[in-house]
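In what follows, a structure is listed as structure tokens, so that the remarks can point back to it.
The shown structure was predicted, so the numbers you read here are calculated from the model rather than taken from an experiment.
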Number of protein chains: 2
Amino acid sequence: MFKKIKESRIYENIVDQVFEAILIGDLKPADKLPSENELVKIFGVSRVTVREAIRYLEQLGVLEVRQGSMGGAFVKEVDLGDIAAQMGNVLRMANVTFLHMAEARAVLEQMILGKLVHPDRTKEWVKKLLECVDRAEDHFRKKEHRERIRANFQFHGLIAELTGNPIVILMHKIIVDLSMVFFENVKPSTSMIMKTLEDHRHIAELLEQGKTQEAADICAEHIREVSGRIVDKSKTQSFLRSKIGREDPE
Amino acid sequence: MFKKIKESRIYENIVDQVFEAILIGDLKPADKLPSENELVKIFGVSRVTVREAIRYLEQLGVLEVRQGSMGGAFVKEVDLGDIAAQMGNVLRMANVTFLHMAEARAVLEQMILGKLVHPDRTKEWVKKLLECVDRAEDHFRKKEHRERIRANFQFHGLIAELTGNPIVILMHKIIVDLSMVFFENVKPSTSMIMKTLEDHRHIAELLEQGKTQEAADICAEHIREVSGRIVDKSKTQSFLRSKIGREDPE
DNA sequence: AATATGTATAATGTCTAACAATTGACATAT
DNA sequence: ATATGTCAATTGTTAGACATTATACATATT
């Protein structure tokens, strides 16, 4: 008969108003909100409350707060990287294992290469892909472990960008950012590194020849194989333990 | 030569500590943090700062704050739904169109059905899938628009759950939650509704018969078709405008 | 003239102390 | 037994002050 009264804190009201102003377009990226003291007058609430709303929106990634004389709260262009980082933080606590991520990535990239690639846009990307491989190989020779991994993941990131679909790109980025931590903490064998370079080149070539389906299959297989070896090496059960690496277990 | 000093606000320090305590397991879901006043003593900062940290973690979805005598800040089980909702809010501002979502979902479900289904686990799910269709049909007869849509989307949600992979489930949920808004604001034709019920039954049957590839193809086609018609009906260019439905465009 | 260096200013960051609102537990009255 | 009232604990909100930071501008130095 009666509806439960929705609990609401004052700052949520402010958040909604600002959020909507941004959605509607009254506030655009780089615009500056009134100063906290002005907002206090505008909304008729205390500064603490105003600040809670600003914090919330900052955390959400839609505001950026700068201190100082020309500072204030500025509307920020939504950055997929920020979102991905934030998501990653939370996902660490949600029973997500490395294998889940590997499998999800395999599926994503397979579907991208197999289904979402526009043939006419392919060729311009092949060059970029091969550049990544060259860069990775260079880092390998210079024994720059971290940089090599980044180049290799950039290769996979390019595959996601091939779709031009922001949702796909974001999902992929979330997974990659989380996965990368593992790779950075494992010393792979030389043969494994070589195989990766080889696979990547192979995928790029197949794309160039328009053999998208074949490229998709090899890509998925490649991800599963490399990830499997990583798991063997790190004997990681959960993302949690490897991430924290607690020295003193009681 | 020198590293840029990482700006840090005091509350971020507290957030990190609490976050790590949760990751390590010192704090488990349903555990209660000390009261704000105690935290003030523990961290040696003001209550305002403590509260900022709590807000942040609450917004992130890892804490739940209750007022009152037995209240306080409690560690929350991470809920994929919360994460999806949060992501959805931000994605609204990132040039995401309905067609992006439709395409991502089509390909995602196609991949799931085609590649990720464990044959031995299929049969237990077919029953659930058919239940969804029955429920949708029932709502259709009772002309419960909203409920019918929810049942239909639950059908697709089950497909994602078929993977048992939390990342895949999450990605799918984000897309579905965002997409649903559109469907709820469009009055579909009867034939369209019937076709959907029919398609869903067909997909379930094919799964039961182990024809996963066929089910995958039909599912993808189904999503594209329905989404295409939605777009025609709503003439929606961007998610933004349809969501806000501004009456007064300058 | 170009380059440091200081200074004022405006904004956010933090602190303190109080009061308001909410919730649950317990006592009390009916 | 069932309401009802009261108390205590906790978060929500307010007010005002001071601390810190970043920019712009004036001033001094070379």
TODO: Calculate the interatomic distance between B:L63 atom CG and D:dT10 atom P; express it in whole Å.
DONE: 17 Å

TODO: Classify the ring geometry between B:F155 and B:H200 as parallel (under 30°), tilted (30 to 60°) or perpendicular (over 60°).
DONE: parallel

TODO: Mind calculating the distance between NZ (A:K32) and P (D:dT23) to the nearest angstrom?
DONE: 13 Å

- [ ] Please identify each residue that fulfils side chain to side chain donor-acceptor pair (under 3.5 Å) with B:N165, with sequence neighbours left out.
- [x] none

Task: Atom-to-atom span, CG of A:N13 to C1' of D:dG12 - whole angstrom - done: 15 Å

Task: Salt-bridge present (A:R55, A:E58; N to O < 4.0 Å) - done: yes

Task: Interatomic distance where OH belongs to B:Y11 and P belongs to C:dT12 [whole Å] - done: 15 Å

Open item on the list: Measure CE/A:M70 against C1'/D:dA24 and give the value in whole Å, please.
Closed with: 7 Å

Open item on the list: With hydrogens left out and only the distance checked, is there a donor-acceptor pair under 3.5 Å joining A:Q67's side chain and the base of D:dT20?
Closed with: yes

Task: Nucleotide D:dT13, atom P - distance to CD of B:E36 in whole Å - done: 11 Å

- [ ] Look at the side chain of A:S35 and decide which nucleotide, out of C:dG13, D:dT13, C:dA11, has an atom nearest to it.
- [x] C:dA11

Side-chain donor-acceptor pairs under 3.5 Å in residues 65-88 of chain B, sequence neighbours left out?
unit_1 : atom_1 : unit_2 : atom_2 : d
B:K76  : NZ     : B:D82  : OD2    : 2.8
B:D79  : OD1    : B:G81  : N      : 3.2

- [ ] Would you kindly compare A:S69 and A:E58 by the position of their nearest DNA chain C nucleotide and give the one closer to the 5′ end?
- [x] A:S69

- [ ] Apply the side chain to side chain donor-acceptor pair (under 3.5 Å) test between A:H139 and each candidate in A:E144, A:E147, A:H145; give the one that qualifies.
- [x] A:E144

Task: Separation of atom CZ in A:R66 from atom P in C:dT12, rounded to whole Å - done: 11 Å

Open item on the list: Between B:H100 and B:T97 (side chain of the first, backbone of the second, donor and acceptor by atom type, cut-off under 3.5 Å), is there such a pair?
Closed with: yes

- [ ] Could you identify which residues of residues 38-56 of chain B place a heavy atom less than 4.0 Å from some atom of DNA chain C, listed by residue number, or say none?
- [x] B:V45, B:S46, B:R47, B:V48, B:T49, B:E52

Open item on the list: Using whole Å, what does the distance between atom P of nucleotide D:dA8 and atom CG of B:N37 come to?
Closed with: 17 Å

Open item on the list: Checking B:E161 against B:H172: is there a side-chain donor and acceptor pair closer than 3.5 Å?
Closed with: no

